[in-house]
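I have placed the structure first, in the form of structure tokens, so that the comments after it can refer back to it.
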Amino acid sequence: MTAEMVAPEWMHAQISAEQYDSWSEEQCAGIEVVDGMVVVSPSASKRHDRLARILANALDAAAGPDWNADTDFDVRLQDVPLTNRRPDVTVYRAETIDLTPTRPEHVLLVVEVVFPGSETTDRIVKVDQYAKTYRDGEMFTGTVRTGVPFVVTVDLGAI
């Protein structure tokens, strides 16, 4: 049996933003779209999910009422060709909670939790895409402290 016989047709052709927007949440879970092509993401480990949740909770608590920090939803980096990424944690303007899709102008910070098997994508590919979109992307390890726009300290090595 060949891959073409097993994989659905939509995995072999570019999809548009309009097509993607017509899919259900269940169809969109566990995938990203890069240059119009669907990329299936493997399920994360419990440790990965826990770290993302701890980071989101710390950022959400520090952010105050103007910002939300949540996990696992699409951020639309561009419409043509369609590129949607699902950062592990996204800090976004609270007033945009019901707007879909979430766009870069709604977002303050994206976090990718790097684990074995995701290093190249998370450290190189996604950082490059985010940096081009957000203009000043940085990578952090160890203890992260911020003072602007809100104070938060997270020891990434302790989790």
Side-chain angles (χ1 to χ4, degrees), residues 3 7 10-11 14-15 17 20 23 25-64 66-79 81-94 96-97 99-159:
W10 52 262
M11 292 186 80
Q14 282 190 320
I15 63 166
Y20 184 82
W23 293 359
E25 279 189 45
E26 292 79 23
Q27 289 172 299
C28 298
I31 65 169
E32 293 181 314
V33 181
V34 180
D35 295 330
M37 300 302 293
V38 173
V39 178
V40 178
S41 302
S43 295
S45 68
K46 288 186 286 186
R47 182 174 300 278
H48 175 280
D49 288 347
R50 180 170 173 72
L51 178 55
R53 183 177 47 80
I54 288 169
L55 287 168
N57 290 347
L59 290 165
D60 200 55
D66 294 333
W67 299 96
N68 293 336
D70 286 311
T71 61
D72 195 34
F73 65 88
D74 287 342
V75 175
R76 174 83 41 97
L77 299 181
Q78 65 186 36
D79 288 302
L82 178 61
T83 299
N84 283 350
R85 286 295 191 180
R86 270 185 185 254
D88 294 316
V89 179
T90 305
V91 178
Y92 61 97
R93 296 183 186 285
T96 66
I97 192 168
L99 292 180
T100 301
T102 298
R103 297 192 176 272
E105 58 267 24
H106 307 146
V107 175
L108 174 67
L109 172 73
V110 294
V111 176
E112 292 292 346
V113 177
V114 180
F115 270 83
S118 72
E119 294 97 340
T120 300
T121 300
D122 288 347
R123 290 185 188 270
I124 298 171
V125 177
K126 288 183 180 182
V127 168
D128 183 60
Q129 285 178 328
Y130 294 146
K132 287 177 181 170
T133 303
Y134 296 106
R135 303 283 186 252
D136 59 355
E138 295 181 53
M139 286 192 334
F140 298 97
T141 59
T143 300
V144 177
R145 291 181 182 88
T146 66
V148 178
F150 46 83
V151 177
V152 66
T153 300
V154 179
D155 182 358
L156 299 173
I159 299 172

**Prompt:** Is any side-chain heavy atom of T83 less than 4.5 Å from a side-chain heavy atom of V33?
**Reply:** no

**Message:** On a heavy-atom basis, which atom in A69 and which in D60 lie closest, and how many Å separate them?
**Reply:** N-OD1, 2.9 Å

**Prompt:** Is the backbone N or O of L99 less than 3.5 Å from a side-chain atom of T96, with the two atoms forming a donor-acceptor pair by type?
**Reply:** no

**Complete:** Heavy-atom closest pair (H48 atom, S45 atom, distance to 0.1 Å) is N-OG, 3.0 Å

**Side-chain (R86) to main-chain (D72) donor-acceptor, under 3.5 angstrom** = yes

**Residue E105 excluded, over 12 heavy atoms near CD under 6.0 Å** = yes

**Request:** Drop me the distance from D74's CG to T102's OG1, to the nearest 0.5 angstrom.
**Result:** 8.0 Å

**Request:** Answer yes or no: is there a donor N or O on one side and an acceptor on the other, between the side chain of Q78 and the main chain of P81, under 3.5 Å?
**Result:** yes

**Request:** Write down the atom of N68, the atom of I97, and the distance for their closest heavy-atom approach.
**Result:** ND2-CD1, 3.7 Å

**Message:** Tell me whether D79 is salt-bridged to R103, with the criterion being a basic N under 4.0 Å from an acidic carboxylate O.
**Reply:** yes

**Request:** Calculate, to the nearest 0.5 Å, the distance between atoms CG and CZ belonging to N57 and R53 respectively.
**Result:** 6.0 Å

**Request:** Show the numbers, then the answer: is there a ring pair (Phe, Tyr, Trp, His ring centres under 6.0 Å) between H106 and Y92?
**Result:** CA-CA 5 Å; H106 307 146; Y92 61 97; 8.6 Å; no

**Pairwise distance OG1(T121) to CZ(R85) - rounded to 0.5 angstrom** = 7.0 Å

**Prompt:** Do L51 and R47 come close enough that some side-chain heavy atom pair is under 4.5 Å?
**Reply:** no

**Request:** Grab the two heavy atoms, one from V113 and one from D122, that are nearest each other, plus how far apart they are.
**Result:** O-OD2, 3.3 Å

**Request:** Give a yes-or-no answer on whether the side chains of Y130 and E112 include a donor-acceptor pair shorter than 3.5 Å.
**Result:** yes

**Item:** Distance in Å, L77 CG paired with N84 CG, rounded so as to fall on 0.5 Å steps
**Value:** 7.5 Å

**Prompt:** Can you check whether W23 reaches I15 side chain to side chain, under 4.5 Å on heavy atoms?
**Reply:** yes

**Asked** Quick one: does T133's side chain have a donor or acceptor within less than 3.5 Å of a partner on Q129's backbone?
**Response** yes

**Request:** Run the numbers on Y20 and R76 for side-chain contact (heavy atoms from CB on, under 4.5 Å), then give the verdict.
**Result:** CA-CA 11 Å; Y20 184 82; R76 174 83 41 97; 3.9 Å; yes

**Complete:** What one should report as the nearest heavy-atom pair of V152 and A62 is CB-CB, 3.7 Å

**Request:** Quick one: pull up CG in L59 and CD1 in I54 and give me the separation to the nearest 0.5 Å.
**Result:** 12.0 Å

**Request:** Taking all heavy atoms of A52 and all of D88, pick out the closest pair and write down the distance.
**Result:** CB-O, 4.0 Å

**Any side-chain heavy-atom pair of V75 and V107 under 4.5 Å** = yes

**Asked** Do the side chains of V110 and K126 get nearer than 4.5 Å, heavy atoms only?
**Response** no

